[in-house]
Number of protein chains: 2
Amino acid sequence: MRQLYELAAADETLRFSPYCWRVKLALAHKNLAYETVPWHFTDKAAIAFSGQDKVPVLVDGGQVITDSQAIAEYLDEVYPHEPALFGDATAQALTLFIKNWVEIVLHPAIAHVILPDVHAHLSPADQAYFRESRERRFGRTLEDIAQNRPAAEAALHTALAPFHAVLRQQNFVSGAAPAYADHIMFGALQWACLCTRTALLEPHDPVRRWMHAVLATYGLETSVN
Amino acid sequence: MRQLYELAAADETLRFSPYCWRVKLALAHKNLAYETVPWHFTDKAAIAFSGQDKVPVLVDGGQVITDSQAIAEYLDEVYPHEPALFGDATAQALTLFIKNWVEIVLHPAIAHVILPDVHAHLSPADQAYFRESRERRFGRTLEDIAQNRPAAEAALHTALAPFHAVLRQQNFVSGAAPAYADHIMFGALQWACLCTRTALLEPHDPVRRWMHAVLATYGLETSVN
């Protein structure tokens, strides 16, 4: 069976990694069955076979593929008869703008809201690793970040404005049906919604409706917080 | 002859409208000849025949088309044998994210740098209209905006980060060759570069290289400031 090594919280039913969600939706999009192997930040030894120290790691027959983008490109190449993740060459190129926007703008905006909540979900060994690495990356303590949450929530809503505008004009980032650009965007928002201790989206926020529609497309039952 | 009503400065050789640049590049992309009719903000009567009061206005045979996006869609529909502006349905949908990002994030970031410079380029009648409408839209005087320029330039460079990341990975927003997503992005940056009184891009900025490459694709000689 195809295996996906996936980041897990102390409660292993909680799987919040934005990059792992991209791959789970991509596998669903391509109708490919898989089982997940829960993995924790400090389980470096468990994925040493992949030659690096991050998830997602996909084991597909004899192939080991790492990095969500490389996995998506691999899936489109190896399973060309399943629905395309990217569309034509122009669509694949445009997806790269959305990927960069999500990673450079949206992920940090979300991180400044939820990092303390993510920390609270982790096992003690992972908490120490997470605090040290994230405080170094953002140059602030988790307590500082927690204190600034109202401003960070306002900044997150401002950052989402272009996405809100798109959802007023079409059902998905990729048009009438979701594709990999939606998977990238979904990963970010699912990470936010699964980890936050207070709801980030109003009940009628179009982003929430879109999240349900993405999951429904693939028959996934996971709820949206 | 096909006619494009295009915004002009007091010096009518200066054409800086981001929306008109989108259409000029789209016409070049589709190998369609046209002549421009210079138009000024206060020439509302000259385009009354279009049923609205903004440029670009394209007159193509008996057709009058307004709004840059509607014009681009019209060109792809009416001239399907010329190179496509959008690509497949997914690419067309993804272009909408870039359009919204440019209009909601990039245009205001540029406006906060160059509005006073744009004002200086206009004829006296247009200056009065421009000052009144822009000060109302942004809630600040042009003098306030001018004073804040160093901070606005820093914010503009931060806003451009996702685009810089894309240009490290591929030559154009649309991949190996420019398409309408590049035209949208180019319009914004050409507006900035044509109006600013001090250079906004370093000589080796990849954005400057990309601007030259877009123009070179269509054999356009206009220089990039």
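From a predicted model like this one, the values you see are computed outputs, not experimental measurements. A note on names: the letters A, B, ... follow the listed sequences, proteins ahead of strands, and every chain is numbered from 1.
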More than 12 heavy atoms of other groups within 6.0 Å of B:Gln147 CD
no

For the side chain of A:Gln170 and the backbone of B:Ala93, is there at least one donor-acceptor N/O pair under 3.5 Å apart?
yes

Measure the spacing between CG of A:Leu167 and CZ of B:Phe97 and express it to the nearest 0.5 Å.
10.0 Å

For A:Lys30, I'd like to know if atom NZ has over 12 heavy atoms of other residues, nucleotides or ligands within 6.0 Å.
yes

Under 6.0 Å from the CD atom of A:Glu143, do we count more than 12 heavy atoms belonging to anything else shown?
yes

Tightest non-hydrogen contact, residues B:Ala165 and A:Ile104, listed as CB-CD1, 3.7 Å

Rounded distance (nearest 0.5 Å) linking atom CG of B:Leu94 with atom CZ of A:Phe86:
10.5 Å

Less than 4.5 Å to any heavy atom of chain B: does that hold for the side chain of A:Thr95, its backbone, both, or neither?
both

Could you tell me the separation between the CD atom of B:Gln69 and the CD atom of A:Gln169, rounded to the nearest 0.5 Å?
8.0 Å

Could you check which of B:Gly87, B:Ser174, B:Ala177, B:Ala161 has the highest count of heavy-atom pairs closer than 4.5 Å to chain A?
B:Ser174

Taking A:Val105, A:Thr90, A:Val173, A:Asp88 one by one, which has the highest count of heavy-atom pairs under 4.5 Å against chain B?
A:Asp88

